[in-house]
Amino acid sequence: MCGIAGWVSYDTDLTRRREVVDAMTETMACRGPDDSGTWVRPNVALGHRRLAIIDLPGGRQPMAEAGLAAMVYSGEAYNFTELREELLKRGHKFETDSDTEVVLHGYLEWGDEVVDHLNGMYAFAIWDERDEKLVMIRDRMGIKPFYYYPTPDGVLFGSEPKAILANPLARKVVDTDGLRELMAMTKTPGWSLWKGMHEVGPGTIVTVDRSGIRTRTYWKLDAKQHTDDQETTVERVRELMTDIVHRQLIADVPRCVLLSGGLDSSAVTGLAAARLAEQGERLRTFSVDFQGQEENFKPDEVRDTPDSPFIRDVAQLVGSDHKDVVLNPAELSDPEVRRKVLTARDIPAGLGDMDTSLYLLFKAIRAESTVALSGESADEVFGGYRWFHDEAAVNSGTFPWLAFRMGLTSERGALLRGEVQKKLDLPGYIADQYATAVAQVEHLDGESEQDRKMRTVCNLHLSRFVRMLLDRKDRASMAVGLEVRVPFCDHRLVEYVYNTPWSLKTFDGREKSLLRHATEHVLPASVRDRVKSPYPSTQDPGYAAALQQQAKEALTERDNPVFELVDRDWLHRVSEVDPATMSSAQRSGIDRALDLYHWFDLYRPELQLD
């Protein structure tokens, strides 16, 4: 896993601007702490920071085939061994054992149709010297981040916006459209907070040459007839899950699994532990917890039980070497940790302790492992969230996660000044985005009304919601040089389960029926029967009290630019609420306000709100 950056300019001699490319590359040192490299020619400059995972001595980048092409690559091709064998038969010769070289030779053999041969998570850019063109490619599900910024005579690109913003051609401007999406939580395809910057879409190829910039979608969620019966479907999911986990355990560095005690991470844990046991190894697992959480837990709007008892059951069943990373309110509310998270994400996402705890968890894991497998995305694939099963949310006429009342999504614009709320018109924006997203869903002839409705809901989660979570996980993990792999994003599994009727996804009257039955052989009974519980959040009022104190300190700064957006009166009122009775929506609002406060200081953005 790595960080990539680059600059294509058809009117400038970039050999005279090497220091700019070096600066762009250096912004992602955390993504690649093991090595750094640049490759500069008159019209192109490529930069790379490396986190060594496979072929530690041989996978240095940028990687070039003289006179043909050069590449910078971030990610993993899980089927690189098979591809290497195929390319050897076609006459290719390899100097390393890295998957990077396999992908480069795959491009030389098939051009941009190399994507049809890849299984993995990746974002890579290839400068084709033969045609003087840049080809940027992102994986099907958008696991690895990738951004670009058109210029008058070319393009800037990077794994993260910060790499692009390090180039003087890129302006740190945030306009109304950027701010709308930040507050709306609808994940508009191609969106970047920064004006003029775009995200390379999942399953998309962006080509840059002297004639301009072109995009091509090579993968999307297609509607296909599902003909397997229940038993066959469960067996197929079991086969896919086993193969995927086995592939994603391949690494030349220490591995582990993120274990939350839920069905998703426990299934991955059980399959991984069984595989490593066959190889004479013991699996390591890690969990995040909060001081006093189990003893003082109270059910809330989305969580019925604490995680700890279920984590213990899984660790005991599979015999993993388990470690709990236990955090206290002071660590979770530390402004310096918040600033590190903001720097990692480049946006004031406002997820509060769910972001800081994830960052601190990954930081602790990185001391012992370099690769971690995660249960992320299973809820989107198998239909696990509570709002999938809430009639009001499903029939709300908007994104179900926004219709389902919870602190994270409720009243997201309440902290903004009245005139800003009017300019953004979040209800209108969300309605437009929902209509656009629904119109893009492909259906089968003869589908029942229920299947059409639930296919739409599933599509919205796989094309929109999951991408927010994948970005969050990538940024938090790569900020400490940890590679997190997501088995549930394997496109074979996504395609297969997406096309199973809703009645099959819920055949036992529960959420995620297919996953539960396909992996029950590696699960303790307690986890098999557990109701969905999302990523944990602290319930300690000490966290809310710390936020209130920080908000009061911010309020003393009369000229701070954050108050161009944030309503002072609202922030003052919420900072005086009893922290023990503060609602989750209020706490979420303070977190968003504090994110904005620190983000203004870190990035110095220019606001253009028309």
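As the structure is a prediction and not an experimental result, all values here were calculated from the model.
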Colleague: For the residue pair Trp401 and His461, does the interplanar ring angle fall in the parallel (under 30°), tilted (30 to 60°) or perpendicular (over 60°) class?
Modeller: perpendicular
Colleague: Taking the basic N atoms (NZ, or NE/NH1/NH2) and the acidic carboxylate oxygens, is any pair closer than 4.0 Å for Lys323 and Glu368?
Modeller: yes
Colleague: Would you confirm whether Lys162, through its side chain, and Thr343, through its main-chain N or O, come within 3.5 Å as a donor-acceptor pair?
Modeller: yes
Colleague: Count the heavy atoms belonging to other residues, nucleotides or ligands that lie under 6.0 Å from CD of Gln316, then report whether that count exceeds 12.
Modeller: no
Colleague: Roughly how far apart are Thr269 OG1 and His322 NE2, rounded to 0.5 Å?
Modeller: 9.5 Å
Colleague: Of all the heavy-atom pairs spanning Ser526 and Phe310, show the shortest one and how long it is.
Modeller: O-CE2, 3.7 Å
Colleague: Say you draw a straight line from OG1 of Thr176 to NZ of Lys195; how long is it, rounded to the nearest 0.5 Å?
Modeller: 9.0 Å
Colleague: Hey, is CZ on Arg339 packed in by over 12 heavy atoms from elsewhere, all under 6.0 Å?
Modeller: yes
Colleague: Between Phe362 and Leu258, is there a side-chain heavy-atom distance shorter than 4.5 Å?
Modeller: yes
Colleague: Apply side-chain contact (heavy atoms from CB on, under 4.5 Å) to residues Asp379 and Glu511 and explain how you reach the verdict.
Modeller: CA-CA 9 Å; Asp379 287 306; Glu511 76 282 359; over 6 Å; no
Colleague: Grab the two heavy atoms, one from Arg31 and one from Glu160, that are nearest each other, plus how far apart they are.
Modeller: NH1-OE2, 2.6 Å
Colleague: For Asp425, is there any backbone N or O sitting under 3.5 Å from a side-chain donor or acceptor partner on Arg180?
Modeller: no
Colleague: Quick one: are Glu76 and Gln248 in side-chain contact, heavy atoms under 4.5 Å?
Modeller: no
Colleague: Could you walk me through whether Asp300 and Ser584 satisfy the side-chain contact (heavy atoms from CB on, under 4.5 Å) test, starting with their C-alpha distance in whole Å, then the side-chain angles of each, then the deciding distance to 0.1 Å, before giving a yes or no?
Modeller: CA-CA 9 Å; Asp300 62 22; Ser584 57; over 6 Å; no
Colleague: Can you check whether Cys2's main-chain N or O pairs, donor with acceptor, with Ser74's side chain at less than 3.5 Å?
Modeller: yes
Colleague: Just so I know, are the side chains of Asp540 and Asn296 near enough to count as touching, which here means a heavy-atom distance under 4.5 Å?
Modeller: no
Colleague: Just verifying a value: how many Å separate Leu482 CG and Asp474 CG, rounded to the nearest 0.5 Å?
Modeller: 10.5 Å
Colleague: Is a side-chain N or O of Arg255 found less than 3.5 angstrom from the main chain of Ser369, in a donor-acceptor match?
Modeller: no
Colleague: Run Gln539 and Lys298 through side chain to side chain donor-acceptor pair (under 3.5 Å) and show every step you take.
Modeller: CA-CA 8 Å; Gln539 296 183 337; Lys298 295 178 181 177; over 6 Å; no
Colleague: For a side-chain contact (heavy atoms from CB on, under 4.5 Å) with Leu607, tell me which candidate from Val174, Val420, Asp175 qualifies.
Modeller: Val174
Colleague: Could you pull out the closest heavy-atom pair between Arg303 and Ser533, with the gap in Å?
Modeller: CG-OG, 3.7 Å
Colleague: Do Tyr429 and Thr188 pair up side chain to side chain, a donor and an acceptor below 3.5 Å, judged on atom types alone?
Modeller: yes
Colleague: Using modelled atom types and a 3.5 Å cut-off, is there a donor and acceptor pairing between side-chain atoms of Tyr149 and backbone atoms of Arg171?
Modeller: yes
Colleague: Apply the test side-chain contact (heavy atoms from CB on, under 4.5 Å) to residues Val566 and Arg592: give CA-CA distance (whole Å), side-chain angles for both, the deciding distance (0.1 Å), then the verdict.
Modeller: CA-CA 10 Å; Val566 174; Arg592 285 196 291 278; over 6 Å; no
Colleague: Using modelled atom types and a 3.5 Å cut-off, is there a donor and acceptor pairing between side-chain atoms of Asp353 and backbone atoms of Thr538?
Modeller: yes
Colleague: Before we go on, tell me: are the rings of Phe404 and Tyr385 under 6.0 Å apart, centre to centre?
Modeller: no
Colleague: Check whether any side-chain heavy atom of Asp264 sits under 4.5 Å from a side-chain heavy atom of Val268, and report yes or no.
Modeller: no
Colleague: State whether the side chain of Arg485 and the backbone N or O of Val245 hold a donor-acceptor pair below 3.5 Å, judged by distance alone.
Modeller: no
Colleague: To the nearest 0.5 Å, what is the distance between CG on Leu361 and NZ on Lys363?
Modeller: 12.5 Å
Colleague: Using modelled atom types and a 3.5 Å cut-off, is there a donor and acceptor pairing between side-chain atoms of His389 and backbone atoms of Gly383?
Modeller: yes
Colleague: Could you check whether the rings of Phe157 and Phe146 sit parallel, tilted or perpendicular, using 30° and 60° as the cut-offs?
Modeller: perpendicular
Colleague: Could you tell me whether Arg386 and Asp390 make a salt bridge, using a distance below 4.0 angstrom between a side-chain N and a carboxylate O?
Modeller: no
Colleague: What heavy-atom pair brings Tyr147 and Ser159 nearest, and what distance separates the two atoms?
Modeller: CD1-O, 3.6 Å
Colleague: Are any of the side-chain nitrogens in Asp355 or Arg338 under 4.0 Å away from the carboxylate oxygens of its partner?
Modeller: no
Colleague: Hey, are the side chains of Arg464 and Phe399 touching, using non-hydrogen atoms and a 4.5 Å cut-off?
Modeller: yes
Colleague: Can you tell me how far the CG atom of Asn560 sits from the CG atom of Leu555, to the nearest 0.5 Å?
Modeller: 10.0 Å
Colleague: Please verify the inter-ring angle class for Tyr603 with Trp194; under 30° counts as parallel, over 60° as perpendicular, anything in between as tilted.
Modeller: tilted
Colleague: For Lys473 and Glu376, what are the C-alpha separation, side-chain angles and deciding distance, and is it a salt bridge (Lys or Arg N to Asp or Glu O under 4.0 Å)?
Modeller: CA-CA 9 Å; Lys473 184 149 285 184; Glu376 194 78 84; 3.2 Å; yes
Colleague: Say whether, by atom type as modelled, one donor and one acceptor occur between the side chain of Gln550 and the main chain of Leu547 under 3.5 angstrom.
Modeller: no
Colleague: Just checking, any donor-acceptor pair under 3.5 angstrom between side chains of Ser477 and Glu483?
Modeller: no
Colleague: Kindly indicate whether the side chain of Tyr535, heavy atoms from C-beta on, has any atom under 4.5 Å from the side chain of Leu469.
Modeller: no
Colleague: Do Val288 and Gln293 come within less than 4.5 Å of each other through their side chains, counting heavy atoms only?
Modeller: no
Colleague: Is there a side chain to side chain donor-acceptor pair (under 3.5 Å) between Tyr543 and Ser537? Walk through the geometry before answering.
Modeller: CA-CA 10 Å; Tyr543 177 75; Ser537 178; over 6 Å; no
Colleague: Looking at every heavy atom in both Cys489 and Ile143, which two are closest together, and how far apart are they?
Modeller: CB-CD1, 3.6 Å
Colleague: What are the two closest non-hydrogen atoms of Leu415 and Met183, and how far apart are they?
Modeller: CD2-CE, 3.7 Å
Colleague: What do the steps show when you test Arg49 against Thr27 for side-chain contact (heavy atoms from CB on, under 4.5 Å), and what is the final call?
Modeller: CA-CA 9 Å; Arg49 293 291 315 202; Thr27 63; over 6 Å; no
Colleague: Quick one: does any side-chain atom of Ser287 pair with a main-chain N or O of Leu259 as donor and acceptor, under 3.5 Å?
Modeller: yes
Colleague: Could you check whether any side-chain heavy atom of Glu199 comes within less than 4.5 Å of a side-chain heavy atom of Arg138, counting everything from C-beta outward?
Modeller: yes
Colleague: Rounded to the nearest 0.5 Å, what separation is found between the OG atom of Ser266 and the CZ atom of Arg530?
Modeller: 8.0 Å
